[in-house]
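Note on naming: letters A, B, ... go to the chains in the order of the sequence lines (proteins, then strands), and numbering restarts at 1 for each one. Bear in mind that the values here come from a model prediction, so they are computed numbers and not experimental data.
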Amino acid sequence: MSKNREIAQIFDRIADMLDILEDNRFKIRAYRNAARNLSELGDDVETIAERSQLEEIPGIGKDLGLKIKEYIETNKITYYEELKKKAPEELVALLGIQGLGPKTLAKLFKELKVRNLDDLQKAIEGDEILELEGMGEKKVQDIKRGIQIFKESVKRTPLGIVLPIAETLISEIGKIPGTEGTVAAGSLRRMRETIGDIDILTKADDGQNVIKAFTELPFVKEVLASGGTKGSIIIKNGVQVDLRVVSPESYGAALHYFTGSKAHNVKLRTIALKKGFKINEYGIFRDQEKLAGETEKEIYSILGIDWIPPEIREDKGEIEASFEGRLPDLVELSDIKGDLHTHTKWSDGKSSIEEMALKAKELGYEYIAITDHSPSSRIAGGLSVEKLYEKKKEIEAVRKRLKGIKVLMGSEVDIKSDGSLDYPDEVLKDLDVVVASVHSGFKMDRETMTTRIVKALQNPFVHVLGHPTGRLIGERDPYDVDIDRVIRTAKEFGKSLEVNSFYSRLDLNNINVKKAVDIGVKIVISTDSHHADNLGMMRLGVATARRGWAEKKDVLNTLGYDELRKWLNSHSSR
DNA sequence: GCCGTTTTCGGCCCGACTGTTTTCAGTCG
């Protein structure tokens, strides 16, 4: 785990501790804000510290800068160690229980000496807990249920898993009489790579009845809350779903509000206040007068700026960009003309070349590249040179049979541990598309790994670096690589970097996409499909690219076939 | 504890739901 993440987690835990200790709430907010900025930072905090630029990180001032420095130098933060004595870590972890907040936890700690989950469960069973102020039978039951959910809790789920589920839900909710314009909000609408819970918004005049119908849908496992405008349920796979019902005249304001991100909303509201407006989920107001609320666009417009696409609402410069009229014109799924990274039965895929090509055609593409593995990927059925040329013959046959889709002959070639490629140059030069990827030796140190990848990028026949950091969401951290150097090398040698759309990869991530497009490196959005059905994951990659501010011009596979061929030929030594 | 299109000091987003209250506190997003 990177130092950025480690320090961010500590700052978050400090915030939790201060919350329980009832410290100044703005100080607590400062810690949370700093933690968020650190974890979303594209640059290595150690490098920033070396340059004495810590205080240039948003949310980091003199004090937190020193604490970061202390952690880098000594691997601990004294303030944090001191706090642990007053609010033990095991106790703080209990804040993860729904319905149990800092105030209640502090009370349980002080009055009943609750220090961990065991203590809490015992306290719940006893009678003493009912004597605490503000505590009743119902609340005890709530905490009990919270503990149950806490134990079974699913962590954040990858976007690619949640998206199809959410779409089913939205369609079901859309069938409830009186609803209209049912859509996703929250991190789902922003297409974050992982989703905590599913937020859905709908328009209706009779909220009470819609929420009631919602809580009675067949997939509901448990109802957490049910009111006149808002309902919360847990569905059978354990994911929480929140539905908000608003009236049509507030729909835009509510959609904006529930889409977030929180940081984006806070910044926008603060700006609104300074301009004499007030924004809430019902609209934008001056004094008591409601100026707008039906659409998101009106709200931005009254503030004097353009509508901001949800994918970049992270308070990462998009509000400033909007004020300056330089919002990016983000790439769209419909701009994509083909897929340049796919596998077939020839290696570890499940579909034939023809099936892949037909599916690509069905998606409206102009081309698809078939890029099976190279010999070193034994487990993945990597192709020997002989097999590779046999496959080429089949591709030629498919080309003759199929009209309306161009099939490119390619390979996903392993980058071996010394940075050389898994096929010799005279073989690579016969391929239309060469995607070079790391599939082994993930544990190398940063310098060795970076040198390895940089060397591969210097090969004159390589077009694309596949899944450049090797991370698997929720399973494997990225390998230790100096991504900035990789991006600079790609720029220098005219190579493209992949945004792998496979749901557990999304690699490059949004932060690195932004770095790449900022210096003019072309990205290519590919699916790495191992089945024809996986080609549809393209939308996840497009979303990731959009989150990284990529425009159509930044994306190689928005080029038409002829233009693409030109690019491929001019960017290698064929 | 941070930060400056009112400020280097004095602010820091806003409302719904629930339970335990009889006017509000805690929690959540």
Side-chain angles (χ1 to χ4, degrees), chain A residues 11 14-15 18-20 22-37 54-68 79 95-108 130-143 145-146 185-188 196-201 207-208 211 215 223-232 240-246 250 253-254 256-285 303-305 315 319-320 323-324:
Chain A
F11 282 179
I14 289 176
L18 293 175
D19 223 344
I20 291 173
E22 298 186 292
D23 209 313
N24 179 309
R25 65 199 174 101
F26 298 110
K27 178 175 166 185
I28 295 167
R29 185 183 299 174
Y31 272 95
R32 294 209 193 281
N33 189 35
R36 184 183 61 85
N37 282 311
L54 286 174
E55 288 180 44
E56 285 172 32
I57 302 171
I60 306 294
K62 195 154 183 254
D63 184 88
L64 293 185
L66 284 172
K67 289 190 168 75
I68 293 173
Y79 180 58
L95 283 175
I97 296 169
Q98 277 197 45
L100 185 59
K103 296 285 192 293
T104 313
L105 205 49
K107 222 175 275 169
L108 291 169
L130 289 167
E131 286 162 27
L132 297 180
E133 206 186 317
M135 188 66 71
E137 190 61 45
K138 202 77 190 271
K139 218 158 194 176
V140 172
Q141 288 309 314
D142 258 11
I143 297 171
R145 187 176 58 171
S187 54
L188 192 63
D197 40 53
I198 299 174
D199 284 309
I200 298 174
L201 182 72
Q208 200 83 45
I211 294 293
T215 58
V223 179
L224 298 177
S226 170
T229 67
K230 181 178 159 182
S232 264
Q240 183 175 329
V241 183
D242 297 339
L243 176 68
R244 330 268 175 156
V245 186
V246 296
S250 298
H256 181 263
Y257 178 57
F258 294 123
T259 296
S261 69
K262 192 173 179 177
H264 176 92
N265 287 355
V266 168
K267 169 79 73 78
L268 212 63
R269 284 179 179 209
T270 308
I271 289 171
L273 279 177
K274 284 176 187 162
K275 288 176 173 274
F277 302 107
K278 189 181 84 163
I279 300 176
N280 61 25
E281 63 223 72
Y282 298 105
I284 179 162
F285 301 80
L303 294 176
I305 57 177
D315 187 22
I319 293 173
E320 293 79 356
F323 269 106
E324 291 158 22

Look at all strands and tell whether [X] reaches a base, only sugar-phosphate, or nothing, counting heavy atoms closer than 4.0 Å.
X: A/Ser232; value: nothing
X: A/Lys107; value: nothing
X: A/Asn24; value: base
X: A/Leu268; value: nothing
X: A/Ile97; value: sugar-phosphate
X: A/Lys262; value: base
X: A/Gln98; value: sugar-phosphate
X: A/Ile271; value: nothing
X: A/Ile60; value: sugar-phosphate
X: A/Phe258; value: nothing
X: A/Glu55; value: nothing
X: A/Arg25; value: nothing

Check: residues 260-273 of chain A side-chain donor-acceptor pairs under 3.5 Å, at least two apart:
| residue | atom | partner | partner atom | Å |
| --- | --- | --- | --- | --- |
| A/Ser261 | OG | A/His264 | N | 3.2 |
| A/Ser261 | OG | A/Arg313 | O | 3.0 |
| A/His264 | ND1 | A/Glu318 | OE2 | 2.7 |
| A/His264 | NE2 | A/Tyr300 | OH | 3.0 |
| A/Asn265 | ND2 | A/Tyr257 | O | 2.9 |
| A/Lys267 | NZ | A/Asp315 | OD1 | 2.9 |
| A/Lys267 | NZ | A/Glu320 | OE2 | 2.9 |
| A/Thr270 | OG1 | A/Val266 | O | 2.6 |

Ion pair check, A/Asp142 and A/Lys138, cut-off under 4.0 Å
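Salt bridge absent between A/Asp142 and A/Lys138.
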Quick one: side-chain hydrogen bond (donor to acceptor under 3.5 Å, both in side chains) partners of A/Asp197, sequence neighbours excluded?
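With neighbours one apart ignored, the set is empty.
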Taking only residues two or more places apart in sequence or in another chain, which ones pass side-chain hydrogen bond (donor to acceptor under 3.5 Å, both in side chains) with A/Glu324?
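Only A/Arg326 meet the side-chain hydrogen bond (donor to acceptor under 3.5 Å, both in side chains) criterion with A/Glu324.
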Nucleotide range of DNA chain B lying under 4.0 Å from chain A heavy atoms:
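Footprint of chain A along DNA chain B, 5' to 3': B/dG1 to B/dG29.
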Only pairs under 3.5 Å count here: list side-chain donor-acceptor contacts from residues 98-108 of chain A, not counting sequence neighbours, and write none if there are none.
| residue | atom | partner | partner atom | Å |
| --- | --- | --- | --- | --- |
| A/Gln98 | NE2 | A/Gln240 | OE1 | 2.9 |
| A/Lys107 | NZ | A/Glu133 | O | 3.2 |

What residues, two or more places apart in sequence or in another chain, satisfy salt bridge (charged side-chain N to carboxylate O under 4.0 Å, His left out) together with A/Arg29?
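In terms of salt bridge (charged side-chain N to carboxylate O under 4.0 Å, His left out), with neighbours along the sequence ignored, A/Arg29 is linked to no residue.
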